[in-house]
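Structure, as structure tokens:
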Amino acid sequence: MVANDLRQRIRDKSVVIFSLVVPLALMGVLNLSFGGFDSGSVDLKPAVVIASSEDSGQLGDALLEAVESLPVMDVTVRKVTAGDVRRETKTTGADLGIILPADFTTAVTSGQALSVQVVEGDAAGIETDVLISVVDALLGQFAAGTVAAEAGGSAGLPHDVLGGLAQQAAAGTPALTLSEGQASAEQLSLKGTLVAGQTGLFLLFTVGFGVLGLLAEREKGTLSRLQSTPVAPGTIITAKALVGFILGVVATAILLAAGSILFGVSFGSPAVVALLVLAVAAAATSLTFIVARLVRSAEQANIAQSILAMVLGIAGGAFFPIEASGFLATLMDLNPIAAFIRGLGITAGGGGVTDVAVPLTVMLGFATVATLASRALPDRGARA
């Protein structure tokens, strides 16, 4: 019975279109509309620096050359007199102005306090902030060299090695190195949330095809003929639910895989994701038992299934994240779609089976409660 019904559903083009084609098309539209919001990269624009270089030594020119040769952005340094830096920075729309004192090299090498003035342009942006940070870091390196030389002199080192010691302290490899990384927030990116949310939403519709088939057979009289055969009570409904469960699992797996490829998102370990798919499909299928008991026709089932899917989908964050607190937040955490999205966020951050225990418990608990609740509801369709 299950095999025959499953083959019939697969041959039904409307099932394939509504379960796969429509959600993929909707994901594409939402990605085009909102997909650029979660971009983590920042493109730095070319910057212009107005600087004075009246230093009699070499360190002033060295600092400006280091600023001009930044690998992360294109920088053009224009040298003017100290009195013209502020005016040129404001009138030409430059990003930053730098005024180095005439005794810059002498002050740095002797360990004296010095003042380097910077002038922000009228259109100062992130490029200006980057340039100021670079200048501050270079001054810090110069200061480190001076401190090392002073310490070496105090320790009685020969003068001929102090210069090399200072240069090593200013430009050498630090004792500690840092590498850029990203901490797991156990939350999906915007694209990942759209893929997971739309997949969960359309799962609720997909499993409903089993109920629609059951009610259609009831209206045509096929169900009564099946019940007259030596079939155990409940087998027919169980078979319909099992078909919906299988279709839901397959459609969800395909949508997640297609979404990962098309939109460049990763949901982590396939084995753990498979457990989440099975759990959310079970939760969605449990709703079909309730719908089958409450409605009398396929039209009513379609309306009820759509209402349940949209309410659970929207509340679960299928279209956009929903912030809540207190009792409402606790209630929304029991939503199987929200638990599914939360579980995928955990797996995307590298979580394992034990890490997704709470979302799995929520989805399986929802399935259990809904199934038991359906047994207490009156079967209105049987009275029709």
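For this chain, numbers begin at 1 and follow the sequence in order. This structure is a prediction, so every number in the text was calculated from the model and none was measured.
Panel note: side chain D95, backbone E127; no donor-acceptor pair is recorded below 3.5 Å. A donor-acceptor pair is defined here as one N or O able to donate and one able to accept, closer than 3.5 Å; such a pair exists between the side chain of D355 and the backbone of G352. The closest donor-acceptor contact from the side chain of S286 to the backbone of A283 lies under 3.5 Å. At least one donor-acceptor pair closer than 3.5 Å links the side chain of T347 to the backbone N or O of F267.
Closest non-hydrogen pair, L308 versus L204, comes out as O-CD1, 4.4 Å. Smallest separation of non-hydrogen atoms from L360 and L275: CD2-O, 3.7 Å. The two residues F245 and L278 make their nearest non-hydrogen contact at CE1-O, 3.6 Å. Nearest heavy-atom pair across L203 and G248 is CD1-CA, 3.4 Å. Nearest heavy-atom pair, S52 versus L64, reported as atom, atom and distance to 0.1 Å: O-CD1, 4.3 Å. Contact detail for L255 and V195: the closest heavy-atom pair is O-CG1, 4.2 Å.
In this structure K90 satisfies the side chain to side chain donor-acceptor pair (under 3.5 Å) test together with D122, sequence neighbours excluded.
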- Would you check, one step at a time, whether the test side-chain contact (heavy atoms from CB on, under 4.5 Å) holds for L70 with L131? CA-CA 9 Å; L70 287 180; L131 290 171; 4.0 Å; yes
- Check the pair V135, V67 against side-chain contact (heavy atoms from CB on, under 4.5 Å), reporting the backbone distance first and the verdict last. CA-CA 7 Å; V135 172; V67 171; 4.1 Å; yes
- Item | side-chain contact (heavy atoms from CB on, under 4.5 Å) between T285 and L242, worked out | CA-CA 8 Å; T285 304; L242 184 58; over 6 Å; no
- What do the steps show when you test L201 against I337 for side-chain contact (heavy atoms from CB on, under 4.5 Å), and what is the final call? CA-CA 7 Å; L201 173 64; I337 303 303; 5.9 Å; no
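One hydrophobic cluster, built from ILVMFWY side chains closer than 4.5 Å, cannot hold both V48 and L63; they sit in different ones. Neither I50 nor V116 shares a network with the other; the hydrophobic side chains, linked directly or stepwise wherever heavy atoms of I, L, V, M, F, W or Y lie under 4.5 Å apart, form separate groups for each. Cluster annotation: L334 is not connected to V311 through the hydrophobic network of ILVMFWY side chains, with a link wherever side-chain heavy atoms come within less than 4.5 Å. Cluster membership for L364 and V249, using ILVMFWY side-chain heavy atoms within less than 4.5 angstrom, is not shared. At a threshold of 4.5 Å between side-chain heavy atoms, the hydrophobic network of Ile, Leu, Val, Met, Phe, Trp and Tyr places V85 and V77 in two separate groups.
A side-chain donor from one of D84 and T81 sits under 3.5 Å from a side-chain acceptor of the other.
Note that the CZ atom of R342 and the OG1 atom of T193 stand 12.5 Å from one another [nearest 0.5 Å]. Taken from NZ in K79 to CG in L100, the straight-line distance is 9.5 Å, to the nearest 0.5 Å. In this structure, L194 CG and F263 CZ are separated by 8.5 Å, a value rounded to the nearest 0.5 Å. From L256, atom CG reaches atom OG1 of T199 across 4.5 Å, with rounding to the nearest 0.5 Å. To the nearest 0.5 Å, the span separating CD1 on I341 from CG on L276 amounts to 11.5 Å.
For the side chain to side chain contact (heavy atoms under 4.5 Å, CB included) with M73, the lone residue among V134, I126, V130 that qualifies is V130.
Residues in residues 60-74 take part in these side-chain hydrogen bond (donor to acceptor under 3.5 Å, both in side chains) pairs, two or more places apart or across chains: S53-D61.
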